[in-house]
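Just below is one structure, and these are the notes that go with it.
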Amino acid sequence: MSVALDDLARRLPGLRLLAGAGDLEHYGRDWTRRWTPAPLAVALPATVEEVQGIVCWANEHGVAIVPSGGRTGLSGGAVAANGELVLSLERMNRVLGFDAADRTLTVQPGMPLEAVHAAARGHGLVYPVDFAARGSCSIGGNIATNAGGIRVIRYGNTREWIAGLKVVAGNGELLDLNRGLVKNSSGYDFRQLMIGSEGTLGIVVEATLKLTDPPPPAQTMLLALPDMDAVLAVFGLFRAKLALQAFEFFTDIALKHVLAHGAQRAIEGEYPYYVVTEFDVPDEAAQEAALAVFGEAMEQGRVLDGVIAQSEAQAAALWRLREGITESLAPHKPYKNDVSVRIGAVPAFLHAMQALLAREYPHIEVVWFGHIGDGNLHINVLKPAGMADADFIAQCEHVTKLLAATLKEHGGSISAEHGIGLVKRPYLDSTRSAAEIALMRGVRQVFDPNGILNPGKLFEAD
Ligand code: 2HG
Ligand code: ZN
């Protein structure tokens, strides 16, 4: 053990510390799999005091900390490849309280999103942020990246659902931010600053989540479409006529992979594009409206085929076609882009981007899917068998530079919902101005003067 670690163990005798090779590898990486994990050790605090103790120790010894949730991140935000201490919040995973008057649930950061959903349901309410990694991601990680997902179209991002946060800042101070207040016009909202800060300002040790009423009964539909213009047109049509909860698209290539990975085909025949959509059907009239709009889209030739789920099991099978994509692509070591533009800018951006990708990746499989109703596209570029990892990454980085320039022209973002982390750090300036980045660095300096929290993520280490 290093001198610094000895000191940590001495100061916090009850702290669980791991340093075995398997643990270092497990806790040192996220879903990117690009970097070789090399943390100093892994700390698993059980209390806020232990988190504070670790942060104070790290400041004194100049050791970097990588805050760690479920490590399902796709941008390298939770990678520890440079002798950092991984501070895993997985043991801080309990519900701390429910407030019926405020309709809030207070939880520790290590709770998996799915457990948050279950706890909310136990009180007859819902926490509506949702996405495929729900079983393994943690609510603290969701907050750190301002996670979005499949119901942003109805409910917005994580940011909308945080009523209060307790955070250990990089200087070791425990901050109690917003305290669950609905109205609080008292200056800078540090709670919002922490959300999406990717562990570079503070470590979330407690979160008070807003809950809401469960949505009305919903219907899930799978649509087959001829082209991307039809996807956009059908989105416009469905949004105008139905109360959408989700509208997710994917391509035939995505479908091919997800079927090869064990999902069940739901539509016979092959089509270039698919949409899984979910909308409220509170009564017969809504049901009829849904069928009418589906018929209208078929008549227009914008929908070529479709299936309406007749049971929860069928709805789950349709959702698997969309939600299983990431896992089905993982063996192909995908390079991921996660971009967004304003909804109104989607058509122009799509045309520019389609041309760019066809030109730059002529012999490489590119998989598109995502949250088209939010202006958010996931582009997964699959590594061809036999191509060296480094060559593949170099080519993808070259294309990402061009993509970043296209995004800049269309006023978009290089990261819609996965965060900047290590992967998108070189392209931050396509989305944020030099003046903004300078202020971001200044903010970091205030909350984390010694730069010990997740250095190198978001921007180069100071
Ligand atoms: C999703 O929408 C996730 O399924 C993952 O954001 C996207 O794997 C990806 O690129
Ligand atoms: Zn997504």
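The shown structure was predicted, so the numbers you read here are calculated from the model rather than taken from an experiment. Start at 1 and go down the list; that is how both ligands and their atoms are numbered.
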Ignoring hydrogens and geometry beyond distance, is a side-chain donor-acceptor pair present between H257 and E365 at under 3.5 Å?
yes

Tell me, please, whether F247 has R239 positioned over its six-membered ring: NZ or CZ under 6.0 Å from the ring centre and within 45 degrees of its axis?
no

Angle class for the Y188/F190 ring planes (parallel below 30°, perpendicular above 60°, tilted otherwise)?
tilted

For atom 2 (O) of ligand 1, which protein heavy atom lies nearest, and how many Å away is it?
R322 NH2, 2.7 Å

How far is atom 5 (C) of ligand 1 from its nearest protein heavy atom, and which residue and atom name does that atom have?
T326 OG1, 3.2 Å

If only side-chain N and O atoms count, and only distance matters, is there a donor-acceptor pair under 3.5 Å linking H261 with E327?
no

Heavy atoms only, cut-off 4.0 Å: how does L74 contact ligand 1, side chain, backbone, both, or neither?
side chain

Are Y335 and T400 close enough that a side-chain donor and a side-chain acceptor fall under 3.5 Å?
yes

Without hydrogens or angle criteria, can the side chains of N178 and D189 be said to hold a donor-acceptor pair below 3.5 Å?
no

Nearest-contact summary for atom 6 (O) of ligand 1 - protein heavy atom, Å:
H418 NE2, 2.7 Å

What protein heavy atom lies closest to atom 10 (O) of ligand 1? Include the residue and the distance to one decimal.
N380 ND2, 2.9 Å

May I ask you to identify, for F131, whether its side chain, its backbone, both or neither come under 4.0 Å of ligand 1 on a heavy-atom basis?
neither

Suppose I only count heavy atoms of K336 and a 4.0 Å limit; which atoms of ligand 1 are within that range?
8 (O), 9 (C), 10 (O)

How many degrees, to 10°, between H371 NE2 and H378 NE2 as seen from the Zn ion (ligand 2)?
100°

Short N-O contact, R265 and E270, less than 4.0 angstrom
yes

Metal proximity, E417 vs the Zn ion (ligand 2), N/O/S cut-off 2.8 Å
yes

Mark the output for E248 as yes if a heavy-atom distance to ligand 1 is under 4.0 Å, and as no if none is.
no

Between the main-chain N or O of N82 and the side-chain N or O of E84, is there a donor-acceptor pair closer than 3.5 Å?
yes

Less than 4.0 Å is my threshold; does some heavy atom of H371 fall inside it relative to ligand 1?
yes

